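Note that the coordinates shown come from a computational prediction; the quantities given were computed from them, not determined experimentally. Throughout, protein chains are lettered first and strands after them, A, B, ... in sequence-line order, and every chain is numbered starting at 1.
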Amino acid sequence: MKFVCMKCEAFMGFESVQVPGEQSLGVTFGCPQCGAKIAMVTNPGETAMVNALGVKIGGRVTPAEPMELTRQTLKEEPVLAKSYTPVEQQKILETEMTKTKASGGTCPFSGMIAQMQGEGSTQPTGQVKWSPAARERIERVPSFMRPMIEMGVESYARKMGLSDITPEVMDASKNDQGEMAWADGAIARLDNIPSFIRPMAKKEIERIARERGQTQVSDALMEETKSKFIGMGY
Amino acid sequence: MTAEKDLKTILKKIQFSDDAKVMAQLVDQSLAVKVRMGAIKRKIVVMSGKGGVGKSMTTANLSLAFARAGHRVGVLDVDLNGPCIPKMLGVSGRFELTPEGALPLIGPHRMKIASMALFLSSEAAPVRWKGPMELSPVWLGLMEMNVIREFMADVVWGELDYLLVDLPPGAAADKPPVIAGFLPELDGAVVVTTPSEVTKIVVKKSIHYARDMGIRMLGLVENMSGAHCPSCGAEVHFAVGDSNDIVNELGLPLLGRIPCDRSLSEACDRGQVLAPDHPISRRFDEIVKKIETILLPKSI
């Protein structure tokens, strides 16, 4: 709807919209030439028409949310799946990372998350085939984490020369932390640890390194974690 | 006196500008649909002027057949007041809203499924509207049109080979034109009928109406075309007529006939998928082959 200033022979311009009452909109227009103003007040029917179109008179301040009109016009509050704000997503990721670091974490994908974060990957490739059972399992992962985990599993599958991803491959990939590099000095010190506890010590030192975002076990880290293994001879 | 000026003459002289940004928003809405639908190679509606003929069953099984053929498939249930596609395809859940849009449910064969049922608190919960509809039911059509628009624009369909749209009963009057209005590149409609004379009369009306709207008719599926004996599996014919007359009269391909079948009925009620080698699955596979052939000139 437009208004014409008959005096100036010009379209009046939209100026503001107000809500003067329930089921009513007050839309103010002004003549750009003489400054005359006119306010149009909609009746409930006209207001309903605007609402049913899903538009905001004067334009949107913020973009429409997904399914906004549908959700707003359903009488019963629509039931939605849990969605996550960026802050919540970060929190969940941090929690999963912690699970990875702690032995015996409960999240089946936490290892992959850690690995993918370390690799800084971007997208799953889709070059390997997911079995229906594996696909069903990955669908249970929150959507924002799914691409990262898919990529982690696919990366593991490719590394192992596998073309099909099954739940068993997913299980195997979650334990695959990738190779941790060791500095020469650190290897020498590792060799000083008694053989019967060396594997356990190696695993624990690598865990600490990963926890700190390091890709290599350095001399400095060995020195730092020495107290933990005091008396082990290194 | 300014009031005596001729408005028609004035309007010819002055330039309209959409400073209330209403037109711009409507254009944006249409663009959003086109962008989302642009990632889908083929869009097919399943319709019938008559209710209870098996549109949703046909949609569900056609989508399964397309998926069995190796296609990436989405199913949009726009039977807003009686959504049953999720139930038939054995999925339940809710929309998850993300910045990219509403995530559809993932069904058998990785099909993407969206339906009003995903918003409802239970199977028994009716769809009730507030706002414009509380004022007057005359706003129902406009509102449903925009709800359907959101289902097309706001659901994260991703890249698909086929999107099948299950229309509500009585669809002759509004939904196909709405869908076609949003989707000028709609590939066509599959019409579901039964051998009943009464059904065929109503179905014919819907076909004429949809054709007037420029919607391509891909063909006819005759549902409840006889029955499979639950004991011996033999196919029996109980209807007096069939769809040959309507097919000949309207120049439509008969895509296939689906008999009443206990296992099909059970599968739909329980949300189970019939085995690929089940006779009904094979019939839908044949229908899909025919549709693919009809659509062949437009290569995927």
Side-chain angles (χ1 to χ4, degrees), chain A residues 1-2 4-15 17 23 27 29 32 43-45 47-60 63-86 130 132 135-136 138-139 142-144 146, chain B residues 2-3 5 7 9-11 13-22 24-26 28-29 32 93-103 106 108-110 116 118-122 125-136 138-139 142-143 145-147 149-151 153-156:
Chain A
M1 187 173 289
K2 292 292 291 181
V4 175
C5 177
M6 296 297 282
K7 181 183 161 194
C8 305
E9 298 188 359
F11 275 122
M12 295 181 113
F14 167 81
E15 291 197 344
V17 61
Q23 297 183 341
V27 190
F29 294 83
N43 64 32
T47 311
M49 188 185 76
V50 172
N51 291 339
L53 283 172
V55 297
K56 305 281 182 198
I57 290 178
R60 286 181 169 276
E65 291 183 359
M67 313 295 288
E68 182 181 278
L69 178 77
T70 308
R71 289 186 289 128
Q72 285 176 355
T73 47
L74 274 173
K75 204 161 193 172
E76 285 177 27
E77 184 70 22
V79 184
L80 295 169
K82 170 71 181 162
S83 58
Y84 302 90
T85 64
W130 289 68
R135 184 48 69 189
E136 190 186 334
I138 194 75
E139 295 298 344
S143 57
F144 68 90
R146 208 174 294 144
Chain B
T2 51
K5 287 184 177 176
L7 186 57
T9 309
I10 294 172
L11 288 175
K13 291 193 287 186
I14 58 180
Q15 187 77 33
F16 170 79
S17 74
D18 179 32
D19 49 1
K21 298 188 174 65
V22 171
Q25 288 176 71
L26 295 175
D28 285 348
Q29 288 175 355
R94 306 283 171 238
F95 278 121
E96 181 187 331
L97 301 184
T98 70
E100 291 75 38
L103 299 184
I106 305 296
H109 303 285
R110 302 268 302 130
M116 184 58 90
L118 274 60
F119 279 126
L120 304 179
S121 56
S122 70
V127 174
R128 287 183 295 188
W129 304 104
K130 63 181 179 184
M133 269 299 289
E134 284 180 316
L135 188 70
S136 167
V138 300
W139 301 109
L142 182 61
M143 216 175 56
M145 181 184 88
N146 276 291
V147 168
R149 171 186 57 75
E150 285 194 337
F151 270 93
D154 291 0
V155 173
V156 185

| query | Tell me, side chain or backbone of A:V4 under 4.5 Å from chain B's heavy atoms, or both, or neither? | reply | side chain
| remark: Okay, B:L118 and chain A: the region with an atom under 4.5 Å from a heavy atom over there is backbone
| request: Output the option from B:R94, B:K21, B:K13 having the highest count of non-hydrogen pairs under 4.5 Å with chain A. | output: B:R94
| What is the minimum heavy-atom distance between A:I57 and B:Q25, and which atoms define it? | N-NE2, 4.5 Å
| Contact origin within B:A125 toward chain A - heavy atom pairs under 4.5 Å | side chain
| query | Non-hydrogen atoms of chain A under 4.5 Å away: do they reach the side chain of B:A102, the backbone, both or neither? | reply | both
| said: For A:K75, give me all partners under salt bridge (Lys or Arg N to Asp or Glu O under 4.0 Å), at least two apart in sequence or on another chain. | reply: B:E134
| request: Mind telling me whether B:F119 and B:F95 have parallel, tilted or perpendicular rings, with 30° and 60° as the class edges? | output: tilted
| said: Could you work out, with side-chain contact (heavy atoms from CB on, under 4.5 Å) as the rule, every residue matching B:R110, not counting sequence neighbours? | reply: A:R135, A:E139, B:I106
| note | When the 4.5 angstrom heavy-atom criterion is applied to B:Q15 and chain A, the contacting part is backbone
| request: Could you check which of A:E68, A:E77, A:E65 has the highest count of heavy-atom pairs closer than 4.5 Å to chain B? | output: A:E68
| query | Measuring from B:R128:CZ to B:L120:CG, what's the distance to the nearest 0.5 Å? | reply | 10.5 Å
| remark: Rounding to 0.5 Å, atoms CG (A:L69) and CG (A:L74) come to a distance of 9.5 Å
